[in-house]
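Values below: all heavy atoms of this structure, side chains included; hydrogens, waters and symmetry mates excluded. Both counts, for ligands and for their atoms, begin at 1 and track the order of listing. Numbers here simply count residues along the sequence, with the first being 1.
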Amino acid sequence: MIIAVDGPTASGKGTIAKQLAAHFGLPCLDTGLLYRAVGYQTWLNGGDPDSEADALAACTFADELLDDPELRTEETGGLASRVSVHPGVRKALFERQRAFAEQPGGAVLDGRDIGTVIAPDADVKLFITASVQERARRRWLEMTGREIEIPLAEIEQDVVARDARDINRKDAPLKAAPDAMVIDTTSFDRDQAFEVVLEAVEQHLGGNT
Ligand code: DC
């Protein structure tokens, strides 16, 4: 069984993907991490994330980079969003994601284009969203918890900019697949969101068997 979990930045899709993977006993891939690795490697190389050639040269990053805590920062998220607009980069990362999706027994993948491009054949497609204000608030809380001081307004601006770049890029833009279940988690906490998602997934699977 393949489960595709897409959605904008800080929508909670990563947490939901991990919870679903644990519930169904499936491996989980955070595909944003791959783009983050390319963005960070581009920076390490002294390259320009807006240059397709520089970003492509960074696609051969070493696997150990995926464990680097620097990949989780806001700055790297911005670099990832910039390198992800290049079609060559998306192509270079396609096979790795597709192979993960196709492994025996299935998998959960979260990202922006899983239900539309990477696994259009997914058994379950979810599009997790929440208001800009709520997503900024969640990210702010997470950063405050890590003792990173940053004004909420700055995070909100960053969320808006990331959304615009992810939605408006030509290649594989962020959008819900026509057959995705769209779930807005604005008014839910983490546990409530998972409860709603699981109910929707089980209903969908029940209806399909
Ligand atoms: O999910 P995230 O914040 O870690 O993703 C970082 C960036 O990577 C995001 O702004 C756009 C890009 N991305 C993408 O283009 N396609 C994916 N499947 C996952 C992430």
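Between R36 and D30 there is no salt bridge, since no side-chain nitrogen of the basic residue lies less than 4.0 Å from a carboxylate oxygen of the acidic one. Under the 4.0 Å criterion applied to side-chain N and carboxylate O atoms, E95 and R98 are not assigned as salt-bridge partners.
Polar contact with ligand 1: present for R90 (N/O pair, distance under 3.5 Å). An N or O contact shorter than 3.5 Å is missing between Y35 and ligand 1 by distance.
Ranking protein heavy atoms by distance to atom 19 (C) of ligand 1, first place goes to T31 OG1, 3.4 Å. Of all protein heavy atoms, the one lying nearest to atom 4 (O) of ligand 1 is R36 NE, 2.6 Å. In terms of protein heavy atoms, atom 3 (O) of ligand 1 is closest to R162 NH2, 2.9 Å.
Counting only N and O atoms by type, the side chains of T185 and R138 include a donor and acceptor under 3.5 Å apart. Under 3.5 Å, the side chains of R112 and S84 contain no donor-acceptor pair of N or O atoms.
Residues meeting the ring-ring contact (aromatic ring centres under 6.0 Å, His included) test with Y40, sequence neighbours left out: W43.
Applying the ring pair (Phe, Tyr, Trp, His ring centres under 6.0 Å) definition to pairs two or more places apart or across chains, none involves residues 65-100.
Counting only non-hydrogen atoms, the option in A172, A80, A4 that gets closest to atom 7 (C) of ligand 1 is A80. Heavy-atom proximity to atom 1 (O) of ligand 1, evaluated over R139, R112, R169, is greatest for R112.
Remark: ligand 1 atoms within the under-4.0 Å shell around heavy atoms of D166 are 9 (C), 10 (O), 11 (C). Atoms of ligand 1 lying under 4.0 Å from at least one heavy atom of S81, given by number and element, are 7 (C), 10 (O). Within ligand 1, counting atoms from 1 as listed, the ones closer than 4.0 Å to a heavy atom of S84 are 11 (C), 12 (C), 15 (O).
Applying side-chain contact (heavy atoms from CB on, under 4.5 Å) to L174 and the options D113, N168, T9, I167 leaves one that passes, I167.
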